[in-house]
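Single-structure report; data block below.
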Amino acid sequence: MKSEPNSRFENGIDMKFSFDDLKASPNQTSCWDGVRNYQARNFIRDQMKIGHDVFFYHSNCKEPGIIGQCKVVKESYPDHTQFDPKDPHYDRTSSKDNPKWFMVDVKYVRPLQRFISLAELKKAHLDHLKNGGPLRNLALFTKARLSVQPISQEEWDYILKMESSDES
DNA sequence: GCCAACGTTGGC
DNA sequence: GCCAACGTTGGC
């Protein structure tokens with residue numbers, strides 16, 4: 001899941017939500033509101049289950065990359081911000097009877113032992129495209145603009161291995 | 001701040 | 001249902 005660690009204002013509301021912000025949330029848990037893309041919505045609504053592991057990715061910042069790990073603690077329910085006219089993610093075409101947008105709750109787990117930058121992931125991705133390897137289809141590159149992306153067990157395991165080795 | 005990539009909208 | 005115009009994402 002991608003989130004912006006730096007302040008950026010939309011309709012006077014700060015879009016910042018860093019990994020530290022998640023840690024500082026009540027019970028180290030937060031809802032993941034504001035997703036307004038159908039593909040991402042479908043992952044949230046249909047795929048994300050309690051206990052699923054999630055990488056927390058910092059985007060739109062000086063050094064983008066994976067900063068830590070969190071997990072799903074509450075499954076899909078309607079995103080309240082779609083009903084709030086003052087919210088930047090208000091959607092007047094959605095109704096409470098038939099909500100369009102959903103969210104899950106995620107809970108902080110741990111920071112990675114080291115930051116895994118986009119550059120490093122890209123390097124591995126390009127290598128795996130050429131020579132074969134688990135990151136050849138990583139959604140971060142094949143579905144780059146999605147803010148919520150699926151990850152396979154194989155991809156997950158490989159990235160965890162990167163965490164405990166030196167950057168190459 | 002630029003802009004490529006890509007998703008959405010709406011006229012036809 | 002096509003597709004041009006427009007909007008958004010997010011790396012650089």
Side-chain angles (χ1 to χ4, degrees), chain A residues 1-23 25 30-48 53-70 72 76 78-106 108 111-112 114-130 133-152 155-156 158-159 162-163 167-168:
Chain A
M1 297 177 104
K2 297 181 187 172
S3 191
E4 303 185 31
N6 300 329
S7 285
R8 186 176 62 82
F9 289 88
E10 239 178 78
N11 300 357
I13 293 179
D14 197 351
M15 294 297 112
K16 168 184 187 286
F17 190 74
S18 68
F19 191 54
D20 281 343
D21 291 328
L22 177 61
K23 188 180 184 184
S25 298
S30 175
C31 61
W32 203 270
D33 59 280
V35 172
R36 295 294 181 272
N37 169 286
Y38 289 108
Q39 247 187 305
R41 187 278 310 270
N42 293 347
F43 287 125
I44 285 174
R45 193 189 53 190
D46 308 332
Q47 306 288 135
M48 299 183 78
D53 291 320
V54 175
F55 282 133
F56 196 108
Y57 178 93
H58 276 170
S59 69
N60 211 2
C61 56
K62 194 164 184 187
E63 201 180 11
I66 299 171
I67 178 92
Q69 200 184 320
C70 53
V72 178
S76 164
D79 176 345
H80 56 90
T81 63
Q82 71 196 297
F83 307 122
D84 178 0
K86 292 188 295 295
D87 194 280
H89 299 116
Y90 174 62
D91 184 350
R92 61 179 186 79
T93 69
S94 184
S95 71
K96 290 199 175 180
D97 289 345
N98 188 17
K100 209 181 258 187
W101 306 110
F102 294 83
M103 60 189 185
V104 292
D105 287 358
V106 296
Y108 176 92
L112 294 196
R114 66 181 186 83
F115 180 79
I116 300 185
S117 70
L118 172 65
E120 186 182 352
L121 288 163
K122 190 174 216 165
K123 212 165 149 188
H125 167 66
L126 291 176
D127 177 60
H128 292 188
L129 269 183
K130 202 173 158 199
L135 300 193
R136 65 194 175 282
N137 294 321
L138 194 67
L140 189 58
F141 305 106
T142 59
K143 300 182 174 96
R145 295 179 58 225
L146 278 186
S147 63
V148 177
Q149 311 183 336
I151 187 163
S152 71
E155 291 163 346
W156 179 273
Y158 187 86
I159 291 169
M162 291 170 79
E163 180 197 9
E167 183 172 356
S168 48

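For the numbers below, each heavy atom of this structure counts, side chains included, while hydrogens, waters and symmetry mates do not. Note that the structure is predicted; figures quoted are calculated from it, not measured. Every chain is numbered from 1 and lettered A, B, ... according to where its sequence line falls, protein lines coming before strand lines.
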Pair A/I159-A/L135, side-chain contact (heavy atoms from CB on, under 4.5 Å): steps then yes or no:
CA-CA 9 Å; A/I159 291 169; A/L135 300 193; 4.1 Å; yes
May I have the step-by-step check of side-chain contact (heavy atoms from CB on, under 4.5 Å) for A/L118 and A/F141, ending in yes or no?
CA-CA 10 Å; A/L118 172 65; A/F141 305 106; 3.6 Å; yes
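Distance CZ (A/R8) to C1' (C/dG10): 9 Å, rounded to an integer number of Å. Between the CZ atom of A/R36 and the P atom of B/dT9 there is a distance of 13 Å, rounded to whole Å. Put simply, CG on A/L146 is 13 Å from C1' on C/dT8, counting in whole angstrom units. Atom pair A/N6:CG and C/dG11:C1' shows a separation of 14 Å (rounding to whole Å applied). Put simply, NZ on A/K143 is 19 Å from P on C/dT9, counting in whole angstrom units. If you measure from atom CG of A/L121 to atom P of C/dG10, you get 15 Å, rounded to the nearest angstrom.
Of the options A/D79, A/T81, A/N37, A/D91, a side chain to side chain donor-acceptor pair (under 3.5 Å) to A/W101 is made by A/D91 and by none of the others. Remark: of the listed residues A/P5, A/S18, A/C70, A/C70 is the sole one forming a side-chain contact (heavy atoms from CB on, under 4.5 Å) with A/F56.
Within the 4.0 Å cut-off from OP1 or OP2 of C/dG11, at least one side-chain nitrogen or oxygen of A/Y57 is found. Taking side-chain N and O atoms only, A/K2 has a distance below 4.0 Å to OP1 or OP2 of C/dG10. Residue A/K122 places at least one side-chain N or O closer than 4.0 Å to OP1 or OP2 of C/dC12.
Position along DNA chain B of the nearest nucleotide to A/N60 versus A/T142 favours A/N60 as the more 5'-ward residue.
Within the 4.0 angstrom heavy-atom criterion, no nucleotide atom of any strand lies near A/F141.
Summarising the geometry of A/M1 relative to A/V104, their closest heavy-atom pair is CE-CG2, 4.1 Å, with the distance given to 0.1 Å.
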Identify each atom pair where a protein N or O and an N or O of nucleotides 4-7 of chain C are less than 3.5 Å apart, giving names and distance.
none

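Here the two rings, on A/H128 and A/Y158, have centers that are under 6.0 Å apart.
Judged by distance alone, with hydrogens and angles left aside, the side-chain atoms of A/Q47 form no donor-acceptor pair with the main-chain N or O of A/P150 at under 3.5 Å.
When distances are taken from the side chain of A/L118 to each of B/dT8, C/dG10, C/dC12, the shortest belongs to C/dC12.
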